[in-house]
Amino acid sequence: MARWGMVIDLLKCLGCYSCTVSCKEEHFLPPGVFWSRPLIGESGRFPKVRKHIYPVQCNQCREAACLKACPTGATSQRADGIVVIDYDQCVGCRYCLIACPYQQRTFLDRIREYYPGQGLTQYEKFGQGRFQVGTVVKCNFCVDRIEAGLENGLKPGLDREATPTCVNACPANARYFGDLDDPESEVSKLIVEKNAGQLHPEFGTDPSIYYIVR
Amino acid sequence: MEVKPYEWMVTFTPQKEWISGRGLLLWLAFFFIELGAGLYLVSIMMENPWGMAAGWLVTLGLGGGLHLLYLGRPFRFWRAVMRPQTSWISRGMIFLVLFSILGTLVLALSLHGFLRETPSTWGGLSLWWKLPAGFLAFVLIVYGGFAMNFVHALPLWNTALLPILFVAGGLWGGLESALGLQLLSGHSGPAEQIESWIRAFMLGYVWLIVVYLWSSRYGRPAGKKSAAEFLHGSLSLVFYTLVVFAGMIVPLSISLYSYKSGLGATPVSLLYLGILCGLAGDLAMRFCIL
C-alpha cells in the first residue's frame, strides 16, 4: 500500500498563493479557512534582508497527535497515511486542534459568506453542504482526487487528475507528490538527494511533508 | 535532517481555542469540575453529606454543563466515550458518567443516613460505597491535568507537574469550600482540622507553582517564553494581582492570623475573604496556564 507524501522545494517557492487559492477553490472553503497557506516573513537588517516563505498544511503525520487526541474516532488514518475527518462523528471538542503541534486544523464556528449581506453565490451554495458548523476541518491531500484517479488507473503525483490541486497549481513546480514507501518514486529520491527534512521532528509525529532548504 | 524554522517563524503563537471566545467555557468547566470533585472528596472524608451534595452539584451541574456547552456539537457528546484507550477527553467523559451514577448513589445513601448507621465510618459496608466514589472524584480532579499534559507542543502543559498542580489546587479548593460551607451552615464540625489541612495544601500549592515556573526556565524556548509571559508579559497583571496577591498572600496571611489567634477568634468575614481569594487565585492560575 502506498504512503502518500509531499516534498516542497523552498528554493523554488515564490509565495504566490496559487496553492492556497486552488485549495480554496477545490474544496469550497469558506472565508477565513485555509488548508494550505504560506508563512511569509523577513529576516536580517537592511541591506541584507531575506524573505522566507514556508508553505504549510496538514502534514498527514504517520504518528499523528490529533489521531490519539480525538475522543470519538472522527479523526482517522487511512492505510495510505492520509488523516481524514468524519464530520458526522466530530463533537467539536477541539482537542485535536490543541494537540496538533503544527496548528493546521481549523474549527468552523460558523460559515461566513464571501459577500456579507448579499447572500451566498451559486458556488458557495454548491459547496456549503460539505461542511458542518461546530466541527474541525483540515487538508486531506485531496483524497477524493486520489481515489478517483486510482480507480481510473491513474498515478497520483504523475497524472494531474489524481494529484492534489496545490501540487498542480504551483507555477514554480516547487511541489512534488508521490509514494514515500516507494524508494524509486520522485519524492523518495528527492528526500535522499536533497536531504529534505521535516518540520519539528522532535515532536515525534513523522510528518509526510518534507522540505528542501538547500 | 531537522528543518530549523527561521527566527521570524518562532514568534510563538499561543493557543487560543481553549481560552478565548467559547473556549472560556472550558476554562470554567475544568475549574468547576476540579473544585466540585475536591469538595465531594473532602466531604466524604468529613462525613458531610451536604458538602457532598454541593460538590456533586458543582461538578455535574456547573462543570459538566459547561463542558457540554463548549462542544461544537453538544448533542453528540455521547460519542466522546468511544476511545478511552487513546484520548483523555474520552476517559474524562467516562469518569464523569461513572461519577454521575456512583457519586449520586453514594450521595443519596449518605443523605438518607444509611451510610452513617454502619458501625464504623471507614470500615464495613460504607467503605465499599465511599471508596469508589472518592476515587472517581479524585480522578475527576486529575484528568484535566493529564488531558493538557498530552499536548507536546505546549511545554507548560507537557510537564508531569501539571496534573500534580491541578490535584493540589482541586483539593485545596475543596477544603476551602468545605470550610466555607461549615461556616455558612453554622454547624460545629472539624473546622480546625479543615483549616490545618488548608494551610498544608496551600503551602504545597504555592510551592508547586514556584517549582512549575522555575522548571520551565530549563526547558524549551517556548516554555521559557510562556513563563516569561507570566512574570513580565501579557499575563503578568493577572498573575501578580490575582494569583500571587489574592490567591497566595491574602489567604496565607489570614491563615497565619488564624493559626496564631485560633480559628474561633478569627472574624468569620476574614475567613470568607481568605476562601474567596484562594478560589479566585486558583481560577486565575488556570487562566494563565491555559
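Residue numbers begin at 1 in each chain, while the letters A, B, ... track the order of the sequences. Side chains are part of it too, since the values below use all heavy atoms of this structure and drop only hydrogens, waters and symmetry mates.
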J.: Can you measure from NZ (Lys68(A)) to CZ (Arg83(B)) and round to the nearest 0.5 angstrom?
T.: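 Lys68(A) atom NZ to Arg83(B) atom CZ measures 10.5 Å (nearest 0.5 Å).
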J.: Could you check Arg76(B) against Thr135(A) for side-chain contact (heavy atoms from CB on, under 4.5 Å), going step by step and ending with a plain yes or no?
T.: CA-CA 11 Å; Arg76(B) 294 179 185 172; Thr135(A) 61; 4.1 Å; yes
J.: Between Cys100(A), Cys70(A), Ala65(A), which shows the greatest number of heavy-atom pairs under 4.5 Å with chain B?
T.: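 Heavy-atom pair counts peak at Cys70(A).
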J.: For the atom pair CE (Met148(B)) and CD1 (Ile98(A)), what is the distance rounded to the nearest 0.5 Å?
T.: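 That separation rounds to 9.0 Å.
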J.: Counting heavy-atom pairs under 4.5 Å with chain B, which one of Leu67(A), Asp88(A), Leu97(A) comes out on top?
T.: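 So the answer, after comparing Leu67(A), Asp88(A), Leu97(A), is Asp88(A).
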J.: Work out which heavy atom in Ser87(B) is nearest to a heavy atom in Ala69(A); give both atom names and the distance.
T.: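 Shortest heavy-atom separation between Ser87(B) and Ala69(A) comes out as OG-O, 2.6 Å.
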J.: Just wondering, more than 12 heavy atoms not from Tyr87(A) lying within 6.0 Å of its OH?
T.: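 Buried by this count: over 12 neighbours within 6.0 Å.
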J.: Atom CZ of residue position Phe135(B) - does it have more than 12 heavy atoms of other residues, nucleotides or ligands inside 6.0 Å?
T.: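 Open: at most 12 neighbouring heavy atoms sit under 6.0 Å from CZ of Phe135(B).
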J.: Tell me whether the NZ or CZ atom of Arg94(A) lies within the 45° cone about the ring axis of Tyr70(B) and under 6.0 Å from its centre.
T.: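 Pair Arg94(A)/Tyr70(B) counts as cation-pi.
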J.: Under 4.5 Å from any heavy atom of chain A, what part of Trp78(B) do you find: side chain, backbone, both or neither?
T.: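 Neither part; nothing is under 4.5 Å.
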J.: Return yes when atom CD of Glu113(A) has more than 12 non-hydrogen atoms of other residues, nucleotides or ligands closer than 6.0 Å, and no otherwise.
T.: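 Atom CD in Glu113(A) is crowded, with more than 12 foreign heavy atoms closer than 6.0 Å.
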J.: Within a radius of less than 6.0 Å around CZ of Phe126(A), do more than 12 heavy atoms belonging to other residues, nucleotides or ligands occur?
T.: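 Open.
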J.: With a 4.5 angstrom heavy-atom cut-off, which part of Phe107(A) approaches chain B: side chain, backbone, both or neither?
T.: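 Contact with chain B involves the side chain of Phe107(A) alone.
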J.: Relative to chain A, which segment of Leu154(B) carries a heavy atom at a distance below 4.5 Å: side chain, backbone, both, or neither?
T.: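 It is the side chain, since no backbone atom gets that close.
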J.: Search all heavy atoms of Phe150(B) against all heavy atoms of Ala99(A) and return the closest pair with its distance.
T.: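 Here Phe150(B) and Ala99(A) meet closest at CE2-CB, 4.0 Å.
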J.: The test is side-chain contact (heavy atoms from CB on, under 4.5 Å); show your working for Arg73(B) and Gln132(A) and say whether it passes.
T.: CA-CA 9 Å; Arg73(B) 290 273 176 172; Gln132(A) 294 182 28; 3.3 Å; yes
J.: Does CZ belonging to Phe28(A) count more than 12 external heavy atoms closer than 6.0 Å?
T.: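 Counting other residues, nucleotides and ligands, CZ of Phe28(A) exceeds 12 neighbours.
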J.: For the backbone of Trp88(B) and the side chain of Tyr95(A), can you confirm whether one donor and one acceptor N or O come within less than 3.5 Å of each other?
T.: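 Absent.
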